[in-house]
Amino acid sequence: RLSSPSLGRPANMNPEIDRTRLLSEIEALAEFSDAAAPAVTRIIFTPADLQARAWMKARCEDAGLTVRYDAVGNTFARLNGLDAPAPVVGTGSHIDAIPNAGKYDGVVGVLGGLEAIRALRRCGFRPRHSIELLIFTSEEPTRFGIGCLGSRLLSGALSPDAAAKLTDKDGATLDNVRQASGFTSELEGVKLPSSYYKAFAELHIEQGPLLEREHIPLGIVTKIAAPASLRILIEGSGGHAGGVLMPDRHDALCAAAELILAIESAARTSGARDTVATAGICEVFPGAVNSIPSQVRLSVDIRDTDLGRRGAVMQTLEAASRAISAKRQVSIHTGLLNADAPGDCAPIVIEELSQSCTKHGLKFLSMVSRAYHDSLFIGRIAPVAMLFIPCRNGYSHRPDEYASPDDIVRGTLVLAEALAALAA
Ligand code: GLV
Ligand code: MN
Ligand code: MN
């Protein structure tokens, strides 16, 4: 147990993080997975996800919290404040995991958030504002193509109509899938009023190398980078891998390869390390070794903290598509799934997180998040900030993702102190 010295804010509060329990819960949650350990795959509204949700609900109820769901499955677990109608102090993250992921992305913010609230209760803290854990639905874009689904709806960044019509790769709509999973109320009811939150703080692993490299135990996020994603369909012409002569070919995969390299080059030469671009999905049709690829579907993710720079990469992509299409006589069609603005974190939350670090003598780094998070969208309706802990080698979205017990406990303690200060 790591305990805090007594603080001036709020008076006499001394939360202690139950390290053993928190770490064992992280291990337990990783068992709900469609991949062999240590990998974790937990796609939204699959049996693994639904079982994990049921387990989380039981943990929250055990902690004495009142649990409610909205129509898309965002889960709220509340510790009632003395002044119940006052705006809420929120914390939380996601428990869905992309294919072949690790066990800490999102989970540290959910189970750390829960433990922070339990620690506050154990030390006798009675908040004035209710403190609420929020487990977001589908922060990851795996199933419905768009990330931060739950927080987009909560903040009004995505309309209920557009959300209802999103489809997965089997053509099932979000509306059908969520209802079959037991979330049957109206999607119109998901959006939160802008007066709902007093503040929101999300604990997360850094998913990058900077804290570890600089030997700094905590990061306070001041800005979240702007994500954009695109689906690209390249249509050429197929045929026999032996029979069609090379000059006669219109190979869709060769065109895709050129396009991917053009995107990579645009990101590498932007002049800023915050520009990143990834072609993470490449589906080749018909997918036979002796058949020329006639169709390729690419999914591309482009991010930057600066909208102008991101826009320049997207323009390069368009220009490269035109040039490759003319040169190779293939058609290239680009569909934009989302292009969101970056988000600034709020001074009041940054300040409480910084003070909590300072009071424990912990160094922190002010940093940007190049990964996106639900806090990007909650930031449109509430003051938000994020607290990062290091992860080994900066690894994330892979099975060997790892955050140390000391870092997890430290992050949870600082989160608890900040929540208390905000809710007092
Ligand atoms: C979230 O997982 C992201 O891709 O940044
Ligand atoms: Mn992730
Ligand atoms: Mn995450």
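Counting starts at 1 for both ligands and their atoms, following the listed order.
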Closest heavy-atom contact between L211 and F388?
CD1-O, 3.7 Å
Name each N or O atom in ligand 1 that is under 3.5 Å from a protein N or O, and give the partner atom and the distance.
residue	atom	partner	partner atom	Å
ligand 1	2 (O)	E139	OE1	3.4
ligand 1	2 (O)	E140	OE1	2.9
ligand 1	2 (O)	E140	OE2	3.3
ligand 1	2 (O)	H397	NE2	3.2
ligand 1	4 (O)	R303	NH2	2.8
ligand 1	5 (O)	R303	NH1	2.6
ligand 1	5 (O)	R303	NH2	3.4
ligand 1	5 (O)	Y372	N	2.8

Between the main-chain N or O of I44 and the side-chain N or O of R143, is there a donor-acceptor pair closer than 3.5 Å?
yes
So, applying salt bridge (charged side-chain N to carboxylate O under 4.0 Å, His left out) with D304, which one of R310, K223, R273, R309 is it?
R309
When you measure from the Mn ion (ligand 2) to each N, O or S atom of H397, which atom gives the shortest distance?
NE2
Any carboxylate oxygen within less than 4.0 angstrom of a Lys/Arg side-chain nitrogen, looking at K198 and E352?
no
What residues, two or more places apart in sequence or in another chain, satisfy ring pair (Phe, Tyr, Trp, His ring centres under 6.0 Å) together with Y372?
none
Are any of the side-chain heavy atoms of E202 and V384 separated by less than 4.5 Å?
no
Hey, do the aromatic rings of H129 and Y197 have their centres closer than 6.0 Å?
no
Pair F183 + Y69: ring centers closer than 6.0 Å
yes
Applying side-chain hydrogen bond (donor to acceptor under 3.5 Å, both in side chains), which residue pairs with at least one partner in residues 94-109 are found, sequence neighbours left out?
E27-K103, H94-D96, H94-D105, H94-E139, D105-H204, D105-Q207, D105-H397
From the list D340, L149, L153, L158, side-chain contact (heavy atoms from CB on, under 4.5 Å) partner of F377 resolves to D340
For the Mn ion (ligand 3), how many protein N, O or S atoms lie at less than 2.8 Å?
3
